[in-house]
Amino acid sequence: MSDIPSDLTWERAAPPDATGPGPWIEIAFGEGDDGEAPVYIRETSDPENVVTTNRRKWDAFVLGVQAGEFDHFVEGVEDAADATAPENGPHA
């Protein structure tokens with residue numbers, strides 16, 4: 001990981017009230033503010049495995065998520081909070 005800066009500030013993509021180790025996705029923005037500035041992505045369960053993209057691609061991805069372009073990937077997937085609620089348990 002020699003090409004990954006050691007002084008990055010990682011931001012965890014987790015609900016504000018989340019507890020425990022996750023796993024969570026973490027994002028860090030590298031130096032620069034143009035479209036080619038690096039963006040680093042990792043999972044807390046494997047922090048040595050870092051994916052790198054650039055700000056232009058990251059912004060396009062975020063806009064796509066906001067627009068619902070990836071909703072088909074989660075069709076049929078239960079919300080983890082709903083799945084653990086007592087009314088949704090096996091004896092409901």
Side-chain angles (χ1 to χ4, degrees):
M1 277 194 3
S2 61
D3 58 335
I4 306 298
S6 60
D7 61 345
L8 292 172
T9 301
W10 292 94
E11 298 177 41
R12 188 163 292 177
D17 59 344
T19 59
W24 307 107
I25 298 295
E26 294 181 313
I27 311 297
F29 297 95
E31 289 189 30
D33 57 1
D34 65 351
E36 297 306 311
V39 177
Y40 305 94
I41 306 165
R42 71 182 184 184
E43 187 177 330
T44 56
S45 64
D46 187 11
E48 299 299 315
N49 187 10
V50 177
V51 175
T52 304
T53 189
N54 64 36
R55 189 60 187 246
R56 179 179 42 80
K57 293 175 184 175
W58 174 254
D59 289 346
F61 171 72
V62 170
L63 290 172
V65 169
Q66 290 174 335
E69 293 177 17
F70 303 99
D71 289 357
H72 64 281
F73 287 113
V74 294
E75 288 176 4
V77 176
E78 290 184 43
D79 182 345
D82 290 342
T84 59
E87 64 272 7
N88 293 331
H91 303 290

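In this text, all values refer to a predicted model and were calculated from it rather than measured experimentally.
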Heavy-atom pair of closest approach, residues [X] and [Y]:
X: P47; Y: R42; answer: O-CD, 3.7 Å
X: W24; Y: A13; answer: CE3-O, 3.8 Å
X: L8; Y: G30; answer: CD2-CA, 4.3 Å
X: V50; Y: W10; answer: CG1-CH2, 4.1 Å
X: E36; Y: N54; answer: OE1-ND2, 3.3 Å

Begin with the C-alpha distance, continue with both residues' side-chain angles, and end with the deciding distance and a verdict on side-chain contact (heavy atoms from CB on, under 4.5 Å) for D59 and V39. CA-CA 10 Å; D59 289 346; V39 177; over 6 Å; no
May I ask you to check whether over 12 heavy atoms, not counting those of D46, lie within 6.0 Å of atom CG? yes
Give a yes or no on whether [X] and [Y] share a hydrophobic cluster (residues Ile, Leu, Val, Met, Phe, Trp, Tyr; joining criterion: side-chain heavy atoms under 4.5 Å apart).
X: I4; Y: I25; result: no
X: I27; Y: V62; result: yes
X: F73; Y: F61; result: yes

Worked check of side-chain contact (heavy atoms from CB on, under 4.5 Å) between T44 and E26: CA-CA 7 Å; T44 56; E26 294 181 313; 3.5 Å; yes
Measure the acute angle between the ring planes of W58 and F29, then classify it against the limits of 30° and 60° as parallel, tilted or perpendicular. perpendicular
